[in-house]
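First the structure, in the form of structure tokens, and then the observations on it.
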Amino acid sequence: MPVTIYNTLTRRKEALVPGEPGQVRMYVCGPTTYNLIHLGNARPLVVFDTFRRYLEYRGYRVTYVQNFTDIDDKIIARAAEEGLDPGVLADKYIAEYFLDAAALGVRPATVHPQVSQHIADIVAMIRSLVDKEYAYAADGNVYFAVDRFAGYGKLSRRSPEEMLVGARAEIEGDKRSPLDFALWKKAKPGEPWWESPWGPGRPGWHSECAAMALRYLGSGFDIHGGGYDLVFPHHENEIAQAESYTGQPFARYWMHNGFITVDQEKMSKSLGNFFLLREILRRFPGPVIRFYLLSTHYRHPLDFDLEGLEGSARGLARWQKTLDELEQRLGGRAGEAATSGPAHPLREQVAATRETFVAALDDDFNTPAAMAALFALVRETNSFLARSQTGDDAGTLAAVRACLKELGEQVLGVLPLAGQAAPSSREAQVVTGLVDLLLEVRSLARQHRDWAMADMIRDRLAGLGIGVEDTPGGTRWEWRG
RNA sequence: GGUGCGGUGGCGAAGUGGCUAACGCCGCGGUCUGCAAAACCGCUAUUCGCCGGUUCGAGUCCGGCCCGCACCUCCA
């Protein structure tokens, strides 16, 4: 069974057939680095990172390119506000971006090209477009002539005629048509600029992705992804440029993720209803946020709420507890995952889990259904562990562990759910020592059947955010925030 | 106005023609526990926005309607 994905270009699910067998080339539009990212920005990161991981799991080699827009009006404006050099500001937020991405378990792309490093590529493309009369220069600016590209509107399913009618688009500057868009913008005083055949300026909107995608992936690469709001005009314009430039199809499959909403409205800067990822990370571990983002199908809207995150935290904690329990039973043993041996219901469950998981993700990357398969495995495993005490099932347990790690860690990237950041400060060490001391006192109290004392200690610790559990193997505690 | 997306139990969320509508969270009952917690077992939608239609059979296809959202201008 092939991997199937919904292609915005054709509005249907299609089997993924890479242009080059065994190799998938994908490009995802990255952030404009003028501030910290919010949860809405985080969704495509997690979604496409997971998709990339899945493709690798399915045996493809994946070349994954994600750009940084480090030259842009918003960056220039923000830099001016803060009295910083735009390049310095952009670099700062690129660094911040990597911190956020890492917290979410998003792996670095194969290449992270930046606009500022590809001016020559962009200029070369624009020059060619001008030569071929797909674009025209006017007073230091260069515009793309939309009416020269017959396929304009094929991605967003709108016709240039319609856009001209209903739109409030007006002819600005020296554009010949309201639909034309800037490939190169003349520098205004004080703005960063690069030399070009049309005078000092900088790349306009959309040019970067087209030029950099072609540079690293070549024309006709496999998957181009991004948020749904990029369909028009961003991706439409990329197609217009790239295909006019190369004369060949730009990207073969277009994937777009749905929005994060707040009270049903799109999370956005302008509405002021956004939550910075940094803020949410203060309350929930990255893996929980990742789990939460993957618990809705990527094309559907996800209405953000804290209760949902709480639910994700509990669900994911179950996965982790099961894994912890398996580790404990298996001891330090690497535990070869037995593939033979007596037929064991759990072993069948492992096989069924893989099968269901893969079928779900093959079907346009249905993460909620895939996660349901893992929940089934977790439940069956816990059920088995609750009944069995002996250690003669090591091979089977190791097989479960391997499956959980493979699907939950390697593919979904939500494990391990790091308990609490390993406290390394002096204060944290003292706290840990004190808690251990209190629990020793409590154990003594319990031995003397002094339940009042034991419960008081447990309750007071709970009040401090420390959860205490008595298990057959001894008392455990954990931070519960 | 144009183009799309969505409306499934208390909440979240799969399911796009066929056994009793996955799964998670919450809640309730039970097992375990000194009591809890965790874990496990069980229960919780005669019903899938509304109205028609097609079909032996529809949440699932067709038509109409209502509601919400998004894009058409920077936006993941």
Side-chain angles (χ1 to χ4, degrees), chain A residues 8 11 28-32 37-48 72-74 77 153 156-159 161-163 165-170 172 178-179 205 225-234 236 256-261 263-271 274 291-292 295-297 299-303 305 307-318 321-322 324-325 356 360 363 366-376 378-387 446 449-452 454-455 458-459 462 467-472 475-478 480:
Chain A
T8 306
R11 308 283 156 124
V28 175
C29 290
T32 300
I37 62 172
H38 64 238
L39 189 66
N41 301 313
R43 192 178 194 189
L45 299 186
V46 166
V47 162
F48 290 110
D72 169 90
D73 291 348
K74 289 191 290 280
S156 56
R157 299 282 166 112
R158 34 192 113 199
S159 68
E161 295 73 36
E162 282 169 353
M163 286 187 262
V165 174
R168 0 173 182 164
E170 288 175 17
E172 43 181 90
L179 301 181
W205 198 31
Y228 215 88
D229 49 358
L230 296 183
V231 172
F232 188 90
H234 187 57
E236 195 71 70
H256 294 96
N257 63 274
F259 300 127
I260 304 278
T261 59
D263 294 330
Q264 308 296 327
E265 286 191 316
K266 181 179 173 184
M267 182 181 289
S268 71
K269 293 277 164 47
S270 53
L271 287 170
F274 61 91
F291 184 101
Y292 176 68
S295 63
T296 296
H297 184 89
R299 284 193 286 121
H300 289 183
L302 195 174
D303 199 48
D305 74 310
E307 279 180 31
L309 272 166
E310 299 280 3
S312 291
R314 296 187 189 197
L316 182 55
R318 273 181 63 203
K321 277 176 192 287
T322 297
D324 291 345
E325 184 64 25
T356 306
D363 182 16
N366 190 336
T367 50
M371 290 159 84
L374 274 179
F375 269 111
V378 164
R379 183 171 8 85
E380 293 301 323
T381 301
N382 286 337
S383 178
F384 172 76
L385 291 175
R387 281 180 274 115
R446 292 182 73 217
R449 310 191 134 262
D450 183 355
W451 309 126
D455 291 350
R458 186 173 62 195
D459 291 347
V468 175
E469 294 178 18
D470 298 314
T471 74
T475 300
R476 295 183 196 166
W477 68 275
E478 64 180 1
R480 294 229 170 102

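So that the names make sense, note that chain A is the first sequence line, chain B the second, and so on, each numbered from 1.
In this model, a side-chain donor or acceptor of A:R458 finds a partner on the base of B:A36 within 3.5 Å. No N or O donor and acceptor, one from the side chain of A:D229 and one from the base of B:C74, sit under 3.5 Å apart.
Comparing A:E469 and A:F259 by the nucleotide of RNA chain B that holds the closest heavy atom to each, the one mapping nearer the 5' end is A:E469. Between A:A317 and A:W451, the residue whose closest nucleotide on RNA chain B is further toward the 5' end is A:W451.
In this model, the phosphate group of B:G15 is approached by a side-chain N or O of A:N366 to a distance below 4.0 Å at OP1 or OP2. For the pair A:R157 and B:C72, the criterion of a side-chain N or O lying under 4.0 Å from OP1 or OP2 is not met.
Nucleotide B:A14 forms a pair with no other nucleotide shown, judged by Watson-Crick or G-U wobble geometry with both contacts under 3.5 Å. In this entry B:C71 has B:G2 as its Watson-Crick or G-U wobble partner, both defining distances falling under 3.5 Å. Across all strands shown, B:G9 has no partner, as no Watson-Crick or G-U wobble contact with both distances under 3.5 Å is found. B:C61: Watson-Crick or G-U partner is B:G53, with both key distances under 3.5 Å. With a 3.5 Å ceiling on both atom-pair distances, the Watson-Crick or G-U wobble partner of B:C40 is B:G30. Under the Watson-Crick or G-U wobble criterion, with both distances below 3.5 Å, B:U46 is left unpaired in every strand shown.
Rounded to whole Å, the distance from CD on A:E325 to P on B:A38 is 15 Å. Distance, A:I260 CD1 to B:G12 P: 14 Å, rounded to whole Å. Atom OH in A:Y292 sits roughly 10 Å away from atom P in B:G12 (whole-Å rounding). In this structure, A:Y228 places its OH atom 6 Å from C1' of B:G4, rounding to the nearest Å. In this entry the distance linking CG of A:D305 with C1' of B:C26 reads 13 Å, nearest Å. Atom CG of A:L179 and atom C1' of B:U73 are 13 Å apart (whole Å).
Around atom CZ of A:R11, more than 12 heavy atoms belonging to other residues, nucleotides or ligands sit under 6.0 Å away.
Of the listed nucleotides (B:C40, B:C75, B:A14), B:C40 has the atom at the smallest distance from the side chain of A:R318.
When all heavy atoms of A:P301 and A:T296 are compared, the closest pair comes out as O-CG2, 3.8 Å.
Looking only at atom types and distance, the side chain of A:T322 has no donor-acceptor partner in the side chain of A:R318 under 3.5 Å away.
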